[in-house]
Structures are given as structure tokens and as C-alpha cells.
Novice: 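Please see the structure below; I have some questions.
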Amino acid sequence: MRVAVCVKCVPPTSSMRRLDADTGRLMRGSLVLNAPDLHALEAALQLRDDMGDTEVVGVSVGPERAAAVLRDVLALGADRCVLVSDDRIAGSDLVATSRVLAAALEGCVSDLVLLGQEGNDANGALLWAALAARLRLPALSHASQIRVADGVLTAMRTAKDGAERVEAPVPCVVSVAASANRPRNAALRDVVAARSKRCEVLSLSDVGLDGELVGTTGSGTTVRAVRQAVASRRGLILETCDAGAVAVADLLAERELL
Amino acid sequence: MTPHVLAFVVHRLGRPTPESAFALEQARELDEDAGALVAGEGVAIVARAVAESGVARVHVADGPAFRGDSPQACADAVTALVGQARYDTVLFPGSALALEVAAASAVQLEAGVNWGLLEVRLESGDLVGRRRALDDSVEVEVGWTTPVRLAVLRGTAQALRDGTAGIEDLAVETSPWSTRLRILESVPNPADGATLERAAVVVAGGRGLGGPDGFELLEQLAEALGGAVGASMPAVEAGWYPRLAQIGQSGTTVSPRVYIACGISGAMQHTVGMESSEAIVAVNTDPRAPIFRFCDVGVVADAREFVPRLLALIRTRAGASGAY
């Protein structure tokens with residue numbers, strides 16, 4: 001079986017900044033693996049641990065320097081990686097990005113396509129659903145306890161009102177819940193072993209896509225203006241527990257809740 | 001040119017959700033000839049409720065293909081309807097299901113999709129959406145370049161009951177891949193979340209509580225105030241509190257008289273579920289936390305120290321008035 005894991009390399013948030021191991025300086029312009037994607041990778045590795053005879057392929061779209069981050073994906077256990085990198089892709093929205101990723105995945109036919117489950121306001125929040133539509137495959141979100149047997153995937157899907165046990169035929173597209181697993185760490189020997197693994201960098205023409213279909217020209221949305229938001233309500237801010245407790249108790253009393 | 005607008009309806013317990021009521025309201029404002037799409041299995045009752053919402057017509061896609069409101073089958077219904085009835089703008093309510101339907105529809109229609117929109121309006125003939133980014137610190141104006149435009153909204157409204165739209169059946173040929181997911185078993189949460197939705201006071205906790213122990217403090221406070229306890233997604237994902245109590249985009253939407261957020265930074269996924277509260281109290285150690293930008297009372301403190309202090313004060317005051 002082949003499991004493709006879609007990963008994204010993103011600028012670090014403040015809590016994830018990396019220091020250069022040699023100089024001790026903050027690595028500017030460095031990229032890290034998007035945190036939710038680690039759970040998708042872990043789910044793929046666990047499937048390989050359980051089933052054996054499984055190839056785990058990391059698939060990414062991004063700048064060429066993302067190849068360095070994909071080394072981490074290889075160190076964590078992926079067998080190989082594919083990176084589609086082309087200057088023309090910059091500025092792609094959901095519709096355009098899903099085209100690139102789908103084209104990359106069509107060149108790497110897989111039984112299962114896994115993605116990380118992102119927050120609903122994130123740029124990648126809808127990518128799995130768009131990707132499933134592009135690949136014309138069943139889609140399943142918020143998945144945990146993923147198993148595959150006899151061409152059928154079963155998993156738990158957590159929803160607002162509870163959980164469901166669901167099944168779908170493979171191939172299918174699955175977004176993996178953060179609660180599904182605890183991602184493993186790479187040991188030093190894995191980092192060394194990753195050096196001999198393959199990370200293929202492909203251009204748009206390599207995946208058979210025309211430049212018109214990506215970037216801002218291939219996107220269906222535009223950003224017209226960006227401005228500082230006005231605080232919708234900004235009330236009294238108190239700096240101590242005691243003053244805060246009095247203000248909150250007053251508020252509750254005012255609204256006849258005490 | 002006036003857009004021809006369709007609102008996709010997400011329903012629960014036979015009624016359109018408050019998020020759907022907002023989508024219907026926005027659709028009506030943009031186009032007096034707006035339509036609504038109700039998809040699901042056995043949704044005639046939902047269609048009748050939507051027919052009173054002021055739209056001009058209600059399209060109903062009903063049948064076993066839509067069991068469990070299958071998002072991919074719903075996207076097939078949107079795709080078919082946009083083609084048949086020449087809608088050029090589709091508004092989706094803010095919900096996990098609608099986001100998935102919108103994303104799949106965007107691909108099938110090759111249409112631009114913007115989400116998290118607080119409003120959609122016409123500006124010299126152009127459709128313009130307004131959303132927040134970077135934890136609500138920035139406002140972004142977005143547009144579309146495709147003939148069909150999809151918009152996922154963020155907001156709620158009261159359902160209207162002042163219309164009598166015609167109800168039309170929509171025949172949809174679903175794609176082979178859209179109906180392959182099978183639900184083998186449902187494991188409902190023990191309660192239905194109604195207590196949280198109805199509570200006059202909601203005390204909610206996030207990662208700043210540091211662990212499940214913090215939620216015991218919140219339970220004491222909620223009990224003293226006759227309220228309910230909620231949790232942010234990160235706290236739920238960390239296993240500190242049940243998913244049923246999750247407030248926000250992938251959880252419950254609440255609008256209590258007072259909302260007390262403890263150790264919650266105020267990420268957009270959370271705030272959409274509580275921003276319509278009458279009064280908001282925020283307790284957080286980080287004075288720059290986004291939640292301080294839209295609270296009525298903010299306390300820069302560790303919630304684990306603040307809550308016992310507030311509890312003590314409430315009990316003293318109750319004692320003084322002889323009520324406790």
C-alpha cells in the first residue's frame with residue numbers, strides 16, 4: 001500500500017522559532033513543518049508499523065527551501081518526499097493550490113491521502129475537501145483510529161454531537177484529527193538515515209500544469225485591502241486579581257446574576 | 001448588476017441553525033429573488049421553516065444520498081443547482097459542514113471561495129467580502145475573479161418568520177465518490193449540549209488553565225452562578241474537558257448574558273462561538289491576548305488565582321445579603 005501525506009512548510013510562529021545550531025542565532029526566513037501535519041504523518045507511520053509493506057510518501061507544495069524541512073519528514077520515517085516548487089505558484093488560493101497538489105498526487109498514485117486537520121480559519125483549512133473533489137475520491141475529516149483492511153478504511157470521526165465509526169473504500173482522502181495520536185520524535189540515527197532518502201523537487205511542467213492555472217492568475221479570489229481592525233468592544237482592563245474580582249462581581253450583580 | 005444569490009442551509013433538529021439564518025438574511029439583502037438550498041434526508045420540515053425566512057424560493061434535495069448530511073453529496077446539489085437555476089453567488093453559513101461543502105463546490109464549479117466573512121456587500125457593482133485575520137487584529141477586504149462566487153460567512157442571526165416561499169424539489173445525480181462513506185455506528189455524547197446553549201452564564205476555559213484541575217475551579221464558579229462550563233478547542237484536544245463542552249467553530253455557539261473566558265487567548269475559531277454574548281469577561285496572563293480586544297471587563301491575571309478570588313468575593317457578598 002502507498003500512503004501519501006500532504007505536508008506544508010510554514011514560517012514558525014513565535015513559540016516555534018528555531019535557533020541555528022551553529023551560530024545560536026534566530027534562523028530568519030526558516031520554515032517549519034505545519035504542526036497539524038505531524039499528526040497526519042504519524043497516522044501514516046502507524047499504518048506502516050501495523051501493516052508492513054507500505055510506502056509513506058511526503059508530498060508538499062512550496063518554495064525550494066522547503067526541501068530542508070522535508071528532511072525532517074524523512075527523518076521521522078517517510079520513505080521519500082516529493083516537493084512541487086515553482087515561482088509561479090506563489091499567491092495561489094484554495095482552488096489553485098488544490099490543482100497543484102492534485103497534479104502532484106496524480107503522479108504518485110496512492111491508496112490513501114492524509115492531511116492534517118487545521119483550524120477553520122487557517123489557509124489550509126479546506127484543502128483536504130477541495131483535494132478530494134479534485135481527485136474525485138471520498139473524503140473523511142476529523143479522523144482517528146484509522147485502519148485499512150481488504151481495501152476498506154475504517155476510522156472514528158469526531159463531530160460536535162459525538163463520534164461516528166465510518167468506513168470508506170480506498171483510495172480516499174482523510175484529514176487526521178490532532179487528538180488521533182502523539183507524533184514521534186526522530187532519533188539522531190534517523191536524521192542520518194534520512195540523508196540517503198530521496199526528496200524529489202518537481203516543477204509545474206513536471207506535474208503537467210500550465211502556469212495560467214496557478215498563482216494569482218489561476219486563483220478565484222483577490223485581496224482588495226488590508227487594514228488594522230477596530231476593536232469591536234474594548235472595556236475596562238484590570239491588572240490585579242483583586243480589582244478584577246470586584247469588577248466582575250459588579251458586572252454580574254448589575255445583570256442580576258448574583 | 002444584481003447578483004443572483006443562493007443560501008446553503010445547515011440545519012439541526014429540524015430547524016435552520018442561527019448561522020444559516022444569517023446566511024439567509026445576507027442573501028435576501030443582496031438579492032430579493034434569492035433562493036435557499038436545503039439538503040438532507042427527510043428535510044421537508046426544514047424546508048417549510050426556511051420558506052418563512054423571506055427568500056423567494058426553497059430548493060430541496062432530499063433522499064438517502066444525503067444521509068448524515070453528506071458534505072460531498074451536498075456539494076453535488078450546490079453544483080447542480082448553480083448550473084440549473086443560474087445562481088452566481090452562493091452564501092454558506094459558518095460551520096464545519098458548510099466549509100467542506102463550499103470547498104468541494106469551489107473545485108466542482110471552478111469558483112473562488114472566501115471564508116470567515118463578517119459581511120458580503122455590493123460596491124459599485126462588485127461583490128466585496130469583509131473578514132478578520134491574524135486573530136482578528138487585521139481586517140481584510142476580499143473579492144472574487146470567477147463568474148460564480150462562493151462565500152462562507154461568520155455570524156448568526158435570529159430566524160425570520162415573515163415569508164411564504166415556494167418549495168421546489170431538486171433532482172441531483174450525485175457523483176460516485178460522494179456517497180461512498182458509510183456511517184457504521186454513532187456514539188452520541190451523553191448530553192445534547194442544550195444546557196450550554198441555554199445557560200445565562202458560561203464560564204469557559206482554555207490552554208491557560210494549565211490542565212484539567214483548572215476546570216474543577218471553573219465548575220465551582222459555574223455552579224455558584226447557576227451557569228455552565230465551556231472549553232476552547234485546544235483544551236478539548238488536550239483532553240482536559242469533554243468535546244461536548246467545546247465552544248467555537250467546530251463546537252457549540254453560545255450567547256449567554258455573561259461569558260467568562262479563562263485562559264483563552266481568543267483565536268477566531270473560538271470567538272465565533274461566543275462573540276454574540278451580551279457581556280464578555282476575559283482573564284488571561286498575556287495583556288496582548290486578542291480576547292482583550294473585545295471584552296467588557298478584562299483581567300490580566302492567572303485564571304487559577306483569579307477564579308478562587310472571585311468565588312470568595314461572590315460568597316462574601318451573598319453572605320452579606322443573606323442569600324447564600
Side-chain angles (χ1 to χ4, degrees), chain A residues 93-95 98 119-121 125-126 129-130 132-134 136-141 154 158 160-169 172 178-179 219-229 231-242 244-249 251-253 255 257-258, chain B residues 72 96 99-100 103-104 106-108 110-114 116 128 132 136-146 177 180-189 200-201 225 237 243 249-251 257-258 268-269 279 281 292-301 305-306 309-310 313-314 317:
Chain A
D93 73 350
L94 178 81
V95 168
S98 65
N120 285 341
D121 62 335
L126 309 182
R134 284 248 180 259
R136 304 176 162 224
L137 294 177
L140 168 65
S141 64
T154 54
T158 46
K160 180 172 161 179
D161 302 322
E164 288 164 343
R165 207 158 64 82
V166 296
E167 69 169 31
C172 58
S179 55
S219 294
T221 55
T222 55
V223 172
R224 295 164 57 104
V226 179
R227 61 177 95 83
Q228 206 63 32
S232 46
R233 44 173 140 176
R234 182 166 184 126
L236 188 63
I237 305 287
L238 298 144
E239 307 283 343
T240 67
C241 275
D242 286 325
V246 170
V248 175
L251 174 84
L252 290 164
R255 291 174 190 252
L257 292 162
L258 278 189
Chain B
Q72 289 179 297
L99 276 162
E100 188 173 343
V107 166
Q108 293 179 172
E110 293 293 1
V113 56
N114 283 302
V128 177
R132 296 277 173 91
D136 288 349
S137 63
V138 171
E139 196 165 283
V140 186
E141 244 182 50
V142 293
W144 289 259
T145 57
T146 45
W177 61 90
R180 302 299 302 277
L181 204 69
R182 272 212 313 143
I183 299 169
L184 301 173
E185 183 190 0
S186 283
V187 189
N189 280 312
V201 181
L225 296 170
E237 293 282 324
R243 186 164 294 275
Q249 196 148 29
S250 42
R257 288 165 64 194
V258 177
M268 175 269 187
Q269 296 107 291
V281 174
F292 285 129
R293 281 198 294 270
F294 52 89
C295 64
D296 298 274
V297 176
V299 186
V300 184
E305 286 171 34
F306 171 79
R309 210 70 63 87
L310 177 60
L313 186 63
I314 290 170
R317 289 197 184 179

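As the structure is a prediction and not an experimental result, all values here were calculated from the model. Reckoned from all heavy atoms, side chains included, excluding hydrogens, waters and symmetry mates. Throughout, a chain's letter reflects where its sequence line sits, starting with A, and its residues are numbered from 1.
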Novice: Would you mind telling me which of A:Leu137, A:Leu258, A:Thr154 has the largest number of heavy-atom pairs within less than 4.5 Å of chain B?
Specialist: A:Leu137
Novice: Side chain, backbone, both or neither: which part of B:Val113 has a heavy atom under 4.5 Å from chain A?
Specialist: both
Novice: Do you know which of A:Leu140, A:Asp93, A:Val226 has the most heavy-atom pairs with chain B at a distance under 4.5 angstrom?
Specialist: A:Val226
Novice: If we ignore hydrogens and angles and just use 3.5 Å, is the side chain of B:Trp144 paired with the main-chain N or O of B:Gly112 as donor and acceptor?
Specialist: yes
Novice: Of the backbone (N, CA, C, O) and the side chain (C-beta and beyond), which part of B:Ile183 lies under 4.5 Å from a heavy atom of chain A, both, or neither?
Specialist: both
Novice: Among A:Glu167, A:Glu164, A:Arg134, which residue forms the greatest number of heavy-atom pairs with chain B at distances under 4.5 Å?
Specialist: A:Glu167
Novice: Between chain B and each of A:Gly220, A:Ser179, A:Ala130, A:Ala129, count heavy-atom pairs under 4.5 Å; write down the option with the most.
Specialist: A:Gly220
Novice: Hey, are the side chains of A:Arg165 and B:Val187 touching, using non-hydrogen atoms and a 4.5 Å cut-off?
Specialist: no
Novice: Going by heavy atoms in the side chains, are A:Thr221 and B:Val142 under 4.5 Å from each other?
Specialist: no
Novice: Heavy-atom cut-off 4.5 Å, strictly under: side chain, backbone, both or neither for B:Val297 against chain A?
Specialist: both
Novice: At a heavy-atom separation under 4.5 Å, does A:Val95 approach chain B through its side chain, its backbone, both, or neither?
Specialist: side chain
Novice: Just verifying a value: how many Å separate B:Glu141 CD and A:Thr222 OG1, rounded to the nearest 0.5 Å?
Specialist: 10.0 Å
Novice: Relative to chain B, which segment of A:Leu251 carries a heavy atom at a distance below 4.5 Å: side chain, backbone, both, or neither?
Specialist: side chain
Novice: Is the shortest heavy-atom distance from the side chain of B:Val300 to the side chain of A:Thr240 under 4.5 Å?
Specialist: no
Novice: Using non-hydrogen atoms and a 4.5 Å limit, figure out which bit of B:Ala104 sits close to chain A: side chain, backbone, both or neither.
Specialist: both
Novice: List for me each residue that meets salt bridge (Lys or Arg N to Asp or Glu O under 4.0 Å) alongside B:Arg180, sequence neighbours excluded, and say none if there are none.
Specialist: none
Novice: Below 4.5 Å, heavy-atom pairs only: which of A:Ala249, A:Ala253, A:Ala178 has the largest tally toward chain B?
Specialist: A:Ala249
Novice: Can a donor-acceptor pair be found, under 3.5 Å and without considering hydrogens, that links the side chain of B:Arg257 to the backbone of A:Arg255?
Specialist: yes
Novice: Side chain from CB out, backbone as N, CA, C, O: work out which of these in B:Gln72 comes under 4.5 Å of a heavy atom of chain A, or both, or neither.
Specialist: side chain
Novice: Suppose we screen for side-chain hydrogen bond (donor to acceptor under 3.5 Å, both in side chains). Which residues come up paired with B:Gln108, at least two apart in sequence or across chains?
Specialist: B:Asp76, B:Thr79
Novice: Given a strict heavy-atom distance threshold of 4.5 Å, which part of A:Ser141 is in contact with chain B: side chain, backbone, both, or neither?
Specialist: side chain
Novice: So which of B:Leu310, B:Thr146, B:Leu184, B:Thr145 has the largest heavy-atom pair count under 4.5 angstrom toward chain A?
Specialist: B:Leu184
Novice: Any heavy-atom pair between the side chains of B:Val107 and A:Ser98 that's under 4.5 Å?
Specialist: yes
